[in-house]
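The structure under discussion appears below in the form of structure tokens.
The structure displayed is predicted, hence computed values, not measured ones. Sequence positions, counted from 1, serve as the residue numbers for this chain.
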Amino acid sequence: MKILLCNDDGYLAPGIVALAEALAALPHTQVEVVAPEHNNSAKSNALTLNAPLYVHNSAHNGFRYVNGTPADCVHVALTGLLDYRPDLVVSGINNGANMGDDTIYSGTVGAAMEGYLFGIPSLAFSLVDKDWDQLSAAAQAAAGVVAQLRQQDWIGAAPWLLNVNIPNLPLTLLKPLQWCRLGRRHAAERVICQKNPRGETMYWIGASGAASDASPGTDFHATANGHVAITPLHVDLTDHQGLVDWRARMQLDSFMAGDLLEQIALTPSGAAQQRGQA
């Protein structure tokens, strides 16, 4: 099994080092690391289009790193850097949770999603709390998830995208995997305003909001109760029920755009606006 491993914390982050070692210990497994040069948290699916990307080999740990985003790393690896197609794309382990609304912003999830968009089964792994407490246990748990997926022949099948959050607990205290939906967060905290040495106002994005939906069945609830939370994701952002409602309410197919503009022009306000322009 050939695994492409990425993250968003950077190629020197303890999370990716621990995960690379745990995955490489699986039988018949080859791990290739292509990760960002620097921390790229909250870069989501961003690709770098207006600057060149460079790939370097690290003398420190042998990983390859890119001066770009997590999605850049996976994209470059799959479209030119690697001379083979990986069986699996893995991202992580992230320094902090990616649950609920986090998945929209997450560079960790973004890297895995890039693999999924290229038709490769992909996983994103995150530790719930920051500062790498119980990282070794989380790496072993992550490798266990990959091993189970391979044992059940999910790797090499149709592409899928899984988001996994692991509580900061010793391996013996982690409870079984629990399949979950995404929870929700409250709105983020206010921006932090400061003055730079020149007296100019600068703004720092505030902290994430607390969970607003941590009910049973969510990733927030599962991890709070010691379970490894696993959520299948997809990239279709269509509001399917909303699509039905909008069609029924707007009935846009009953007239053409030109007809609509003509109707607006015939209204008193539209006619007055035309006279003003004349």
Q. Given Leu82 and Glu32, is the side-chain contact (heavy atoms from CB on, under 4.5 Å) satisfied, shown in steps?
A. CA-CA 9 Å; Leu82 303 182; Glu32 182 93 37; 3.8 Å; yes
Q) With the threshold set at 4.0 Å, does a side-chain nitrogen-carboxylate oxygen contact exist between Asp8 and Lys43? A) no
So, taking the atom named [atom1] in [X] and the one named [atom2] in [Y], what distance separates them when rounded to the nearest 0.5 Å?
| X | Y | atom1 | atom2 | result |
| --- | --- | --- | --- | --- |
| Asn165 | Cys180 | CG | SG | 9.0 Å |
| Asp102 | Arg185 | CG | CZ | 4.0 Å |
| Asn163 | Leu233 | CG | CG | 5.0 Å |
| Lys2 | Ile155 | NZ | CD1 | 14.5 Å |
| Thr201 | Asn196 | OG1 | CG | 8.0 Å |
| Leu88 | Thr29 | CG | OG1 | 9.5 Å |

Q | Stepwise side chain to side chain donor-acceptor pair (under 3.5 Å) test for Thr48 and Asp72 | A | CA-CA 7 Å; Thr48 301; Asp72 283 333; 2.6 Å; yes
Within the distance-only criterion (no hydrogens, no angle test), does the side chain of [X] pair as donor or acceptor with the backbone N or O of [Y] below 3.5 angstrom?
| X | Y | answer |
| --- | --- | --- |
| Ser44 | Ile104 | yes |
| Ser58 | Arg64 | no |
| Ser91 | Thr108 | yes |

Quick one, [X] and [Y] - any side-chain contact, counting heavy atoms below 4.5 Å?
| X | Y | answer |
| --- | --- | --- |
| Pro167 | Leu174 | yes |
| Leu123 | Val145 | yes |
| Asn7 | Ile93 | no |
| Leu53 | Val76 | yes |

Q) For His60 and Leu12, what are the C-alpha separation, side-chain angles and deciding distance, and is it a side-chain contact (heavy atoms from CB on, under 4.5 Å)? A) CA-CA 8 Å; His60 179 75; Leu12 294 175; 3.5 Å; yes
Among the clusters formed by ILVMFWY side chains lying less than 4.5 Å apart, do [X] and [Y] turn up in the same one?
| X | Y | value |
| --- | --- | --- |
| Leu169 | Leu19 | yes |
| Val228 | Leu149 | yes |
| Ile166 | Leu161 | no |
| Trp160 | Val146 | yes |
| Val33 | Val74 | no |

Considering non-hydrogen atoms only, spot the tightest contact between [X] and [Y] and give its length.
| X | Y | answer |
| --- | --- | --- |
| Asp9 | Asn94 | OD2-OD1, 3.3 Å |
| Ser122 | Gly115 | OG-C, 3.4 Å |
| Ile16 | Ala35 | CD1-CB, 3.8 Å |
| Lys195 | Gly199 | CD-O, 3.5 Å |
| Pro70 | Ala111 | CB-CB, 3.8 Å |
| Ala77 | Leu4 | CB-CD2, 3.8 Å |

Name each donor-acceptor pair under 3.5 Å that joins a side chain in residues 124-138 to protein atoms two or more places apart or in another chain, with its distance.
unit_1 : atom_1 : unit_2 : atom_2 : d
Ser126 : OG     : Asn98  : ND2    : 2.9
Lys130 : NZ     : Asn95  : O      : 3.0

Q | Listed once per pair and sorted, the ring-ring contact (aromatic ring centres under 6.0 Å, His included) pairs that draw on residues 21-54, sequence neighbours left out | A | none
(Q) Per the ring-ring contact (aromatic ring centres under 6.0 Å, His included) rule, what does the pair list look like for residues 63-118, sequence neighbours excluded? (A) Tyr11-Tyr65, His56-Tyr65, His75-Phe118
Q) Do the side-chain N and O atoms of Arg181 and Ser215 include a donor-acceptor pair separated by under 3.5 angstrom? A) yes
**Q.** Partner set under salt bridge (charged side-chain N to carboxylate O under 4.0 Å, His left out) for Arg150, not counting sequence neighbours
**A.** none
Q) Sequence neighbours excluded, which residues qualify as salt bridge (charged side-chain N to carboxylate O under 4.0 Å, His left out) partners of Arg85? A) none
**Q.** Identified side chain to side chain contact (heavy atoms under 4.5 Å, CB included) counterpart of His221 within the set Asn225, Asp219, Thr223
**A.** Asn225
Within 6.0 angstrom of [X] [atom1], more than 12 heavy atoms from elsewhere:
| X | atom1 | result |
| --- | --- | --- |
| Gln151 | CD | no |
| Asp236 | CG | yes |
| Trp154 | CH2 | no |

Q: Could you work out the complete set of other residues in the hydrophobic cluster of Ile192, with links drawn between I, L, V, M, F, W and Y side chains under 4.5 Å apart?
A: Met202, Trp204
Q) Could you walk me through whether Arg184 and Asp101 pass the side-chain contact (heavy atoms from CB on, under 4.5 Å) check? A) CA-CA 6 Å; Arg184 291 297 306 272; Asp101 309 44; 3.1 Å; yes
Q) For Leu81 and Val55, what are the C-alpha separation, side-chain angles and deciding distance, and is it a side-chain contact (heavy atoms from CB on, under 4.5 Å)? A) CA-CA 9 Å; Leu81 183 61; Val55 180; 4.1 Å; yes
